[in-house]
Amino acid sequence: ADLVDRMVAAQPHSPLGLRNRALILTMRDMLARRSEVAALDLAHASPEDGLVYLAFSKTDQEGDGAWLYIAPETGRAIRSWIEAVGLAEGPLFRPLSKAGRPRDNKNGGRLYGNDISRILQESAARAGIMAKDFGPTPGGGPRRVSGHSLRTGIAVELTRDGAALPAL
């Protein structure tokens, strides 16, 4: 959680920073995979109600979807991002032009999973977070920020605080 807070705090005051802040906080709160957060549409976000709809998941074999809680801080970050770039419909998290405007791509204006990994890596670097801050991998080598870092890191912290694995 401390590393996530540092990544969020290090974001620039720009559309890029607003998007990245909302993305990082959403991933943290949802314990989301990068594919899940990339698939979010504006219609899936109800930041005023503190909810985001996960339409599909690797663990949702029936495809039922679920509304998931997001913290008030995350709701504010999502609203700030939406308002700053004037989103009205379509993907929630989008690539940006150098001028900070949402741009289209071959993925329907949606971030790719690799884009999300890059955003996380750049955010960690901007916050001065080094691989050693994550501790060693089970094989002994250094870790790096990846698309699963927020999901696994927060899950580990929640289990240390007593959360049951089925609830996660």
Side-chain angles (χ1 to χ4, degrees), residues 1-57 65-131 133-134 143-155 157:
D2 176 58
L3 298 177
V4 170
D5 291 343
R6 286 172 52 192
M7 289 168 61
V8 168
Q11 294 304 316
H13 297 286
S14 66
L16 175 84
L18 292 171
R19 182 206 57 202
N20 293 354
R21 186 176 295 113
L23 175 75
I24 291 166
L25 291 172
T26 301
M27 289 185 78
R28 176 200 66 190
D29 290 0
M30 293 176 60
L31 279 78
R33 295 171 177 87
R34 61 188 196 165
S35 61
E36 294 165 350
V37 78
L40 291 175
D41 284 330
L42 197 57
H44 296 151
S46 183
E48 296 80 15
D49 298 323
L51 297 168
V52 174
Y53 185 70
L54 180 61
F56 78 95
S57 169
W67 284 97
L68 302 176
Y69 168 79
I70 56 172
E73 172 190 24
T74 305
R76 288 189 298 274
I78 290 171
R79 278 193 306 278
S80 294
W81 155 243
I82 290 168
E83 291 169 6
V85 295
L87 299 181
E89 62 182 358
L92 179 58
F93 297 113
R94 305 170 187 218
L96 296 172
S97 69
K98 291 186 186 215
R101 305 301 305 155
R103 64 176 175 79
D104 207 5
N105 63 9
K106 293 178 183 176
N107 198 27
R110 196 174 294 284
L111 290 172
Y112 288 97
N114 289 341
D115 295 329
I116 294 171
S117 291
R118 180 186 43 75
I119 289 166
L120 295 175
Q121 290 166 4
E122 290 172 357
S123 296
R126 188 177 293 118
I129 298 170
M130 311 294 277
D133 294 328
F134 291 96
R143 294 187 190 272
R144 65 180 184 85
V145 177
S146 73
H148 266 69
S149 294
L150 299 182
R151 179 179 171 78
T152 57
I154 296 299
E157 286 194 20

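Values reported hereafter were calculated over all heavy atoms of this structure, with side chains retained and with hydrogens, waters and symmetry mates removed.
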Among [options], find the residue that satisfies the side chain to side chain contact (heavy atoms under 4.5 Å, CB included) test when tested with [X].
| X | options | value |
| --- | --- | --- |
| Thr74 | Asp29, Val8, Val52 | Asp29 |
| Met27 | Val4, Leu120, Ile119 | Leu120 |
| Leu111 | Arg34, Arg94, Arg19 | Arg19 |

Identify whether the distance between the nearest side-chain nitrogen and carboxylate oxygen of [X] and [Y] falls below 4.0 Å.
| X | Y | value |
| --- | --- | --- |
| Arg33 | Glu36 | yes |
| Arg110 | Asp41 | yes |
| Glu83 | Arg79 | no |

State, to 0.1 Å, how close [X] and [Y] come at their nearest heavy-atom pair, and which atoms those are.
| X | Y | result |
| --- | --- | --- |
| Gln11 | Ser123 | NE2-OG, 2.9 Å |
| Asp104 | Gly109 | OD1-N, 3.0 Å |
| Leu18 | Ala84 | CD1-CB, 3.4 Å |
| Gly100 | Pro15 | O-CB, 3.3 Å |
| Ile78 | Pro47 | CG2-CG, 3.9 Å |
| Phe93 | Leu23 | CE2-N, 3.5 Å |

[X] side chain vs [Y] backbone, donor-acceptor pair below 3.5 Å:
| X | Y | value |
| --- | --- | --- |
| Ser46 | Glu48 | no |
| Asn105 | Asn107 | yes |
| Trp81 | Leu92 | yes |
| Asp115 | Tyr112 | yes |

Is any side-chain heavy atom of [Y] closer than 4.5 Å to one of [X]?
| X | Y | value |
| --- | --- | --- |
| Arg6 | Ile129 | yes |
| Pro102 | Leu96 | yes |
| Glu73 | Arg28 | yes |

Tell me whether the count of non-hydrogen atoms from other residues, nucleotides or ligands lying under 6.0 Å of CD in Glu89 goes above 12. no

Spatial distance of atom [atom1] ([X]) from atom [atom2] ([Y]) [nearest 0.5 Å]:
| X | Y | atom1 | atom2 | value |
| --- | --- | --- | --- | --- |
| Met7 | Ile24 | CE | CD1 | 4.0 Å |
| Lys98 | Leu16 | NZ | CG | 12.0 Å |
| Thr26 | Ile70 | OG1 | CD1 | 6.0 Å |

